[in-house]
Amino acid sequence: MLSQTIIRYSQSQLQRRGMAGGAFPARLGVKKNMYVEEWNGRREITEKSFRVTGKTLPSILMLGVVFPFAVYAVCRSELEKTGGRRYKDMC
């Protein structure tokens, strides 16, 4: 009986931990970083604040049209050269 009481008491003591099991108590005040909060706010409204200008248009065309077409052309030419099974299914 006494041994069971000791075991229960020791198990209950092991389960009592602070914040993340560290030395900091859970009531420790956290101070927000103004710059991090501003960055997160800007990330949330990127689609609203984005503008297409002469500076951004070439990169949009490159990443949205030219690069995908180049990947397609390279893969297609490789399949033509090797005579892959999937290329035969496409023709």
Side-chain angles (χ1 to χ4, degrees):
M1 186 78 171
L2 182 61
S3 63
Q4 290 178 350
T5 306
I6 293 172
I7 290 172
R8 286 183 191 156
Y9 177 76
S10 64
Q11 287 176 348
S12 67
Q13 289 297 321
L14 290 175
Q15 293 177 356
R16 292 182 190 168
R17 297 188 220 172
M19 188 168 96
F24 299 109
R27 64 184 177 276
L28 181 68
V30 177
K31 191 174 182 182
K32 291 185 177 182
N33 188 337
M34 178 182 68
Y35 302 107
V36 172
E37 294 299 322
E38 182 180 350
W39 174 257
N40 285 336
R42 288 184 181 267
R43 285 182 58 208
E44 291 174 1
I45 59 167
T46 300
E47 69 276 357
K48 294 178 183 175
S49 63
F50 180 75
R51 297 208 167 119
V52 177
T53 62
K55 191 176 182 181
T56 59
L57 186 62
S59 60
I60 291 172
L61 291 175
M62 184 68 135
L63 294 174
V65 177
V66 175
F67 181 71
F69 182 75
V71 170
Y72 168 76
V74 168
C75 291
R76 183 178 173 117
S77 66
E78 183 178 337
L79 285 173
E80 286 175 354
K81 289 177 188 174
T82 59
R85 168 178 59 90
R86 291 187 178 162
Y87 179 70
K88 291 177 185 175
D89 291 342
M90 288 190 318
C91 294

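We're numbering straight along the sequence, starting at 1.
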- Item | Separation of Leu57 CG from Lys55 NZ (nearest 0.5 Å) |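 Reported to 0.5 Å precision, the distance equals 13.5 Å.
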- Query: Taking only residues two or more places apart in sequence or in another chain, which ones pass side-chain contact (heavy atoms from CB on, under 4.5 Å) with Leu63?
  - Reply: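 Here no residue qualifies.
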Distance-only donor-acceptor pairs under 3.5 Å for side chains of residues 43-51, two or more places apart:
from: Thr46; atom 1: OG1; to: Arg42; atom 2: O; distance (Å): 3.2
from: Thr46; atom 1: OG1; to: Arg43; atom 2: O; distance (Å): 3.1
from: Ser49; atom 1: OG; to: Ile45; atom 2: O; distance (Å): 3.3
from: Ser49; atom 1: OG; to: Thr46; atom 2: O; distance (Å): 3.4

- Task: Answer yes if Leu61 and Val52 sit in the same cluster of Ile, Leu, Val, Met, Phe, Trp and Tyr residues linked by side chain heavy atoms under 4.5 Å apart, and no otherwise.
- Result: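 Yes, same cluster.
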